[in-house]
Amino acid sequence: MSKITIAIDGFSSTGKSTVAKQLAKHLGYVYVDSGAMYRAVTYYAMQNGLISKDGFNVEGLISQLDNIQISFKFNDNLGFAEVYLNGENIEKAIRTLEVSGFVSQVAAISEVRAKLVEQQQKMGAEKGVVMDGRDIGTVVFPDADLKLFMTATAEKRAIRRYDELIERGDEVLYEDVLKNVQERDRIDSTREDSPLVKAEDAIEIDNSNLSLQEQYDKLLDIVKKTLEKTK
Ligand code: CDP
């Protein structure tokens, strides 16, 4: 059976990565978390004094982009690939609310996007990939065989993200998580370069009231139909 490309886009914390990992595992495909790459660049900028509450040195970051090497390495125990920045495993470090607070500003920079999109397109060149993000069906793989667009209410999404952060031991307030979700939605949807929009041919899934199992079953059904069509 020929392999397909699956693009999953949507607002923050809509469960894209959870279902993308499940589908990739089931199909034996590669899963690529494109958001982790924007988070990695943001983490680099924070570590190198280029972005903080005091401001963002955009030119400084652009001039250092060649120093940023992002890679993924499959972790057998976790069952998915973890992200590395210049050889350092930063999978856990990039998931903080602090990184989330800066990432949408970094992701709005065209030079950053050009670098990461090029790498993402190379990773998906052989098909057999499930990639999630904001612009996968519109910019990275406009010819993807299947495009999904995930939505849920901001409150549901903030609760899910709050639970995740508390689970990993971070001290955060629900109100701050909700504010971050809403602020990122705003910046991601209104930026000039590759804004978050639903591709015309994407299938929209509102998972506000779906359990993880219901969501997986629904999407697997759609994937199976797409595979039948592209046989
Ligand atoms: O996990 P969550 O949905 O909260 O976000 P993420 O997928 O880790 O993405 C973090 C941020 O990276 C987003 O809020 C966007 O600003 C940016 N991003 C992007 O611009 N384009 C992508 N393809 C993926 C992420």
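In listed order, ligands and their atoms are each counted from 1.
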Report yes or no: does [X] have a heavy atom closer than 4.0 Å to ligand 1?
| X | answer |
| --- | --- |
| Met131 | no |
| Arg113 | yes |
| Gln120 | no |

Using a 4.0 Å cut-off to any heavy atom of [X], which atoms of ligand 1 qualify?
| X | value |
| --- | --- |
| Ser12 | 3 (O), 4 (O) |
| Arg161 | 1 (O), 2 (P), 4 (O) |
| Asp188 | 13 (C), 14 (O), 15 (C), 16 (O) |

Quiz item: Does an N or O anywhere in Arg39 fall below 3.5 Å from an N or O of ligand 1?
Solution: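 For ligand 1, there is an N or O atom that lies under 3.5 Å from one belonging to Arg39.
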
Practice problem: Compute the shortest N/O to N/O distance between Lys16 and ligand 1 and return yes if it is under 3.5 Å, no if not. | Solution: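 N/O-N/O distance below 3.5 Å exists for this pair.
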
Exercise. Would you name the heavy atoms of Phe141 and Lys147 that are closest together and state the gap between them?
Key: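 Nearest pair, atom of Phe141 first, then Lys147: O-CE, 4.0 Å.
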
Exercise. For atom 24 (C) of ligand 1, find the nearest protein heavy atom and state the residue, atom name and distance (0.1 Å precision).
Key: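 The closest one turns out to be Ser34 OG, 3.3 Å.
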
Quiz item: What is the closest protein heavy atom to atom 23 (N) of ligand 1, and at what distance does it sit?
Solution: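 Scanning the protein heavy atoms, the shortest distance from atom 23 (N) of ligand 1 goes to Asp135 OD1, 2.8 Å.
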
Quiz item: Backbone, side chain, both or neither: what part of Arg184 comes under 4.0 angstrom of ligand 1, heavy atoms only?
Solution: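 The answer is the side chain.
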
Quick test of your reading of the model: are [X] and [Y] salt-bridged, counting only N-O distances below 4.0 Å?
| X | Y | result |
| --- | --- | --- |
| Asp145 | Lys127 | yes |
| Lys225 | Glu228 | no |
| Arg157 | Asp185 | yes |

Exercise. Indicate whether the side chain of Tyr44 and that of Asn86 have a donor and an acceptor atom separated by less than 3.5 Å.
Key: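 Result is no, nothing qualifies.
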
Quiz item: Judged by modelled atom types alone, do Ser17 and Asp33 share a side-chain donor-acceptor pair under 3.5 Å?
Solution: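 Distance-only check fails for Ser17 and Asp33.
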
